[in-house]
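Here's the structure, in structure tokens; my notes come after.
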Amino acid sequence: MANHLDHRFCIAPMMEWTDRHCRFFHRLLTRRALIYTEMVTTGAVIHGDRTRLLGHDPAEHPVAFQLGGCEPNALAQSAAIGEDFGYAGINLNVGCPSDRVQEGRFGACLMAEPALVGDCVAAMKAKVRVPVTVKCRIGIDEQDPEAALDALTSSVAQAGVEALIVHARKAWLKGLSPRENRDVPPLDYGRVYRLKAAHPKLPIVLNGGITNVEQAQDHLDRLDGVMMGRAAYQEPWRLLTVDPQLFGAPAPFPDAKAAAAALIPYIERELARGARLHAITRHVLGLFRGVPGARAFRRHLATEAVKPGADAATFRDALALVNTDAPLAHSVAA
Ligand SMILES: Cc1cc2nc3c(=O)[nH]c(=O)nc-3n(C[C@H](O)[C@H](O)[C@H](O)COP(=O)(O)O)c2cc1C
């Protein structure tokens, strides 16, 4: 099992979004990105339906499994289960601010307990061979981001964390919704650059507000990696340029429509196994944003893919509405 993961370009863990269908689709657009699962809590891993929560297609790889929890033994046990399911890395969530997460005393509120986070990392590392990483904020509430991020980083570095992914803004645990916590607290990229300067040997990955691959490339001059969340999900065509622009490797497909066509065998297979078309195609809606026919494509899928009996032909019909002769049909060369 590989004991190193390339974090140069990562697709963020996003609950309700980066499920296994989404990840399979994203993998058609970039072979090189490191993809993350949605967060799964230790309670769900240990007591829940593991096949549903952890099952995935080997074609998605490399994929890191994100855990939510704060109890070292439960995290170690869950990490081992994740490794057994074949995940290429295990990531601990120290950034999610939702009420449900705060009740469980994990997610972003762990920014206030750096020693415990270090214990969690050490316990997971003792149980798995794959890399263990942490995703955090620069601070929470009234914390000073200089001191808070330093304390967390030192603790997890000492525990042997493989990489630290920093969402470059604070989380406000009281008063802001999770959604507001992704937009309202200001981004502070300088704080993350300073962290890298202070920890030159620790791989540091920047997350937050990166809207295109060119911006990602600029950050890579100073950091080991970038993580893109909403832009990757809402405009997945951007992922087609990741391999050529960031890795000097050919794109998996020459354009977005070819990548979408490659999803059809997967759709057929998954529908035969009982999946609903919409569960897959909802992740594809933004693929042609800005291309003539994109609106008709979205509308067709939004209304038809939810109907009982919707199948691969429904998706093909939607694709036929996109004008690929348009000069900018999200081809790699464009
Ligand atoms: C719908 C949604 C769900 C998210 N779920 C998670 C999650 O499960 N775990 C996590 O660490 N972050 C989660 N996030 C936060 C993202 O991973 C990322 O940190 C955030 O969106 C900022 O990056 P961006 O500006 O590139 O989107 C979620 C974000 C969104 C939009």
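Ligands are counted one by one from 1 in listed order, and the atoms in each one are counted from 1 as well. All values reported here derive from a predicted model rather than from experimental measurement. For the numbers below, each heavy atom of this structure counts, side chains included, while hydrogens, waters and symmetry mates do not.
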Going through the distances and angles, do H26 and Y233 end up as a side chain to side chain donor-acceptor pair (under 3.5 Å)?
CA-CA 9 Å; H26 284 173; Y233 186 85; over 6 Å; no

Among H61, E38, E60, whose side-chain hydrogen bond (donor to acceptor under 3.5 Å, both in side chains) with R23 holds?
E60

Between NZ on residue K307 and OG1 on residue T303, distance to nearest 0.5 Å
6.0 Å

Positive for ring pair (Phe, Tyr, Trp, His ring centres under 6.0 Å) with H56, one of F24, F85, Y87:
Y87

Using 4.0 Å as the upper bound for N to carboxylate O, is an ion pair formed by D19 and R282?
yes

Determine whether E146 and R191 make a side-chain contact, defined as any pair of heavy atoms from C-beta on separated by less than 4.5 Å.
yes

Counting only heavy atoms and a distance below 4.0 Å, can you name the residues contacting ligand 1?
A12, P13, M14, M15, W17, M39, Q66, N93, K135, H167, R182, N207, G208, G209, M228, G229, R230

